[in-house]
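Reminder, nothing fancy here: chain letters follow the sequence lines and each chain counts from 1. Quick note: numbers below take in every heavy atom, side chains included, and nothing from hydrogens, waters or symmetry partners. Computed from a predicted structure; not experimentally measured.
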There are 2 protein chains.
Amino acid sequence: MSTQKLITYFNNLLPLSDEEGDAVASVAMERKIKRRQFILQEGDRCRHYTFIVSGCFKMYSVDAVGKEHNVQFGTENEWLTDMASFHSVKPADFKNPNAGIPSKLFIEAIEPSVIIQIERTDLVFLFEHYPKFNRIFRVITENNFIELQNRVLQNISTTAEQRYSAFLMQYPDLSQRLPNTQIASFLGITPEFLSTIRKTIGSK
Amino acid sequence: MSTQKLITYFNNLLPLSDEEGDAVASVAMERKIKRRQFILQEGDRCRHYTFIVSGCFKMYSVDAVGKEHNVQFGTENEWLTDMASFHSVKPADFKNPNAGIPSKLFIEAIEPSVIIQIERTDLVFLFEHYPKFNRIFRVITENNFIELQNRVLQNISTTAEQRYSAFLMQYPDLSQRLPNTQIASFLGITPEFLSTIRKTIGSK
DNA sequence: CCTCAGCCTTAAACTATCTTAAGCTCATTT
DNA sequence: AAATGAGCTTAAGATAGTTTAAGGCTGAGG
């Protein structure tokens with residue numbers, strides 16, 4: 001049962017009591033996801049936090065002319081959720097499936113994957129009854145924030161070639177698993193230009 | 001006393017008890033900051049969360065050739081801190097002023113400002129004794145994350161002109177208060193190019 | 001076994017953005 | 001009053017990145 005992997009993950013951040021571990025187990029919903037399957041689509045309300053047990057996902061938006069732009073990847077031991085949609089629902093509206101703002105993002109499996117999802121009401125239950133989870137998710141969000149801030153800094157201060165080199169160093173695993181088209185979309189450049197960048201780097 | 005402004009800010013997020021309000025007051029340190037004064041410099045360890053009572057700050061990094069790149073602005077009722085440095089210190093090292101990773105960022109006042117700072121040990125004290133603050137700062141970080149994610153999406157998917165127009169709409173106040181050089185640095189373009197963008201927008 | 005879609009590359013023409021340099025204005029310092 | 005410096009603009013020439021089009025390769029599905 002993959003739930004153990006999630007509990008281990010939490011334990012590494014902040015050790016859980018048996019009771020807290022049981023609470024996690026009671027709200028964790030395991031799902032198998034096929035390649036190309038969506039766990040969130042534009043227009044949906046995002047109602048889960050998703051923990052990736054195995055596999056790989058991309059989270060992207062589709063622009064006016066149909067192009068995809070990868071906002072984030074997610075792999076083993078990472079979380080994916082559309083926070084803007086997820087957190088837009090106030091407690092009073094938790095029972096209304098149409099409350100909150102619809103998502104502008106897609107989350108799609110790039111590989112066959114196994115995930116554990118926690119529903120909003122269950123997560124709020126954890127927050128209220130076991131305050132430690134507030135702290136855990138605060139730390140998770142802080143770490144994601146730091147990573148995102150570095151990415152913004154790179155986007156505004158470096159060339160595409162520098163960003164690609166940094167990507168290779170920062171995500172050696174992802175750069176093996178992902179097709180270059182997806183990496184280009186993450187970096188904000190065209191696949192053709194990534195190809196010429198790779199050629200010039202290769203000849204150095 | 002500006003501390004009341006901070007307590008009101010917290011109350012708007014999640015109502016505080018009198019005791020929690022007193023706890024905030026006991027750890028809040030008010031400071032007046034002059035224009036061009038720094039509250040963080042590259043190489044420093046970031047030891048505070050800073051709440052802006054009034055005024056305006058820029059947080060930026062300086063690259064290898066000395067150019068500044070604005071990562072974030074902060075104005076009234078917003079927080080500024082270098083999370084990467086601030087959160088890199090483990091509780092065991094709280095008393096060691098050289099623990100943790102040095103900051104890569106500067107935080108500098110653009111206007112004469114008043115701030116309230118909370119030290120790391122005091123913030124941890126709040127988190128441990130009044131769990132509500134975990135939740136409050138989780139929500140603050142979530143909201144900052146959402147904003148930053150939108151910015152990444154814009155950076156990878158839109159032109160400089162679109163980004164500038166979006167900036168004007170999203171931060172009408174900042175676009176009045178800031179010189180265009182600072183806005184250009186935030187958008188990741190040169191001031192000269194921003195100038196030509198403004199001309200083409202004006203003639204529409 | 002064949003086919004087709006997705007991926008990767010190349011190249012030429014085009015567009016967005018940067019660099020450098022100059023000139024103007026306004027506020028601050030000498 | 002003169003000098004300095006920051007901010008804004010303009011313009012020419014250079015570089016970074018896109019678009020379009022084409023061809024080759026590979027793996028999954030009929």
Side-chain angles (χ1 to χ4, degrees), chain A residues 34-37 56 58 60 62-70 73 106 108-112 154-168 174-204, chain B residues 34-38 56 58 60 62-70 73 106 108-112 152 154-168 174-204:
Chain A
K34 294 180 193 163
R35 194 169 124 88
R36 287 172 209 270
Q37 186 178 343
C56 184
K58 58 178 174 177
Y60 59 93
V62 175
D63 69 16
V65 298
K67 277 188 197 152
E68 297 180 7
H69 302 279
N70 286 339
F73 297 118
F106 296 82
E108 180 185 343
I110 298 181
E111 302 172 359
Q154 287 195 350
N155 279 335
I156 66 176
S157 68
T158 70
T159 66
E161 179 175 335
Q162 290 171 306
R163 259 145 49 215
Y164 178 61
S165 297
F167 182 89
L168 293 182
L174 278 179
S175 59
Q176 300 294 329
R177 286 161 83 171
L178 296 172
N180 287 325
T181 45
Q182 297 303 321
I183 296 176
S185 166
F186 181 84
L187 297 176
I189 59 178
T190 59
E192 292 84 356
F193 188 49
L194 178 53
S195 193
T196 82
I197 286 173
R198 286 161 52 79
K199 187 168 54 168
T200 69
I201 287 181
S203 69
K204 276 179 184 168
Chain B
K34 295 181 191 163
R35 194 169 126 87
R36 289 172 207 268
Q37 185 177 346
F38 292 89
C56 184
K58 58 177 173 177
Y60 61 93
V62 175
D63 68 17
V65 298
K67 277 187 195 153
E68 298 180 6
H69 302 280
N70 286 338
F73 296 117
F106 296 82
E108 179 185 344
I110 299 181
E111 302 173 0
V152 166
Q154 286 194 349
N155 279 335
I156 66 176
S157 68
T158 70
T159 65
E161 178 175 336
Q162 290 171 306
R163 258 145 49 216
Y164 177 62
S165 297
F167 182 89
L168 294 182
L174 278 180
S175 58
Q176 299 294 329
R177 285 162 83 170
L178 295 173
N180 287 325
T181 46
Q182 297 303 322
I183 296 175
S185 166
F186 181 85
L187 296 175
I189 60 178
T190 59
E192 293 85 354
F193 188 49
L194 178 53
S195 192
T196 82
I197 287 174
R198 286 161 52 79
K199 187 167 56 168
T200 69
I201 287 182
S203 69
K204 275 179 186 169

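- Atoms CD1 (A:I197) and C1' (D:dT15) sit 13 Å apart, rounded to a whole Å.
- C:dT17 atom C1' lies 16 Å from atom CD1 of A:I156, rounded to whole Å.
- A:R198 has its side chain within reach of A:Y164: a pair of non-hydrogen atoms, C-beta onward, lies under 4.5 Å apart.
- In the model, B:T159 has a side-chain atom that pairs as donor or acceptor with a side-chain atom of B:Q162 under 3.5 Å.
- Distances shown here put a side-chain N or O of A:K67 below 4.0 Å from the OP1 or OP2 atom of D:dT19.
- The distance from atom NZ of B:K58 to atom C1' of D:dA6 is 11 Å, rounded to the nearest whole Å.
- Ring geometry for A:F73 versus A:F186: interplanar angle under 30°, hence parallel rather than tilted (30 to 60°).
- Remark: B:R177 CZ is packed, more than 12 non-hydrogen atoms of other residues, nucleotides or ligands lying under 6.0 Å away.
- Using a 4.0 Å cut-off, no side-chain N or O of B:T190 falls inside it from OP1 or OP2 of C:dT17.
- Atom CG of A:N155 is separated from atom C1' of C:dT17 by 15 Å (rounded to the nearest Å).
- Taking atom CD1 on A:I201 and atom P on D:dA16, their separation rounds to 13 Å, with Å as the unit.
- Here the straight-line distance linking atom CG of A:N70 with atom CD of A:E108 works out to 9.5 Å at 0.5 Å rounding.
- To the nearest 0.5 Å, the span separating CG on A:L168 from OG on A:S175 amounts to 5.0 Å.
- Put simply, CD on B:E161 is 9 Å from P on C:dT17, counting in whole angstrom units.
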Could you go over nucleotides 8-10 of chain D and give all protein N or O partners under 3.5 Å, atom names and distances?
| from | atom 1 | to | atom 2 | distance (Å) |
| --- | --- | --- | --- | --- |
| D:dC8 | OP1 | B:N180 | N | 3.1 |
| D:dC8 | OP2 | B:N180 | N | 2.9 |
| D:dC8 | OP2 | B:T181 | N | 3.0 |
| D:dT9 | OP2 | B:S195 | OG | 3.1 |
| D:dT9 | OP2 | B:R198 | NE | 3.3 |
| D:dT9 | O5' | B:S195 | OG | 3.2 |

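- Separating the NZ atom of B:K34 from the P atom of C:dT28 is a distance of 16 Å, rounded to the nearest angstrom.
- Per the geometry, CD belonging to A:Q176 stands 17 Å off P belonging to C:dC7, to the nearest Å.
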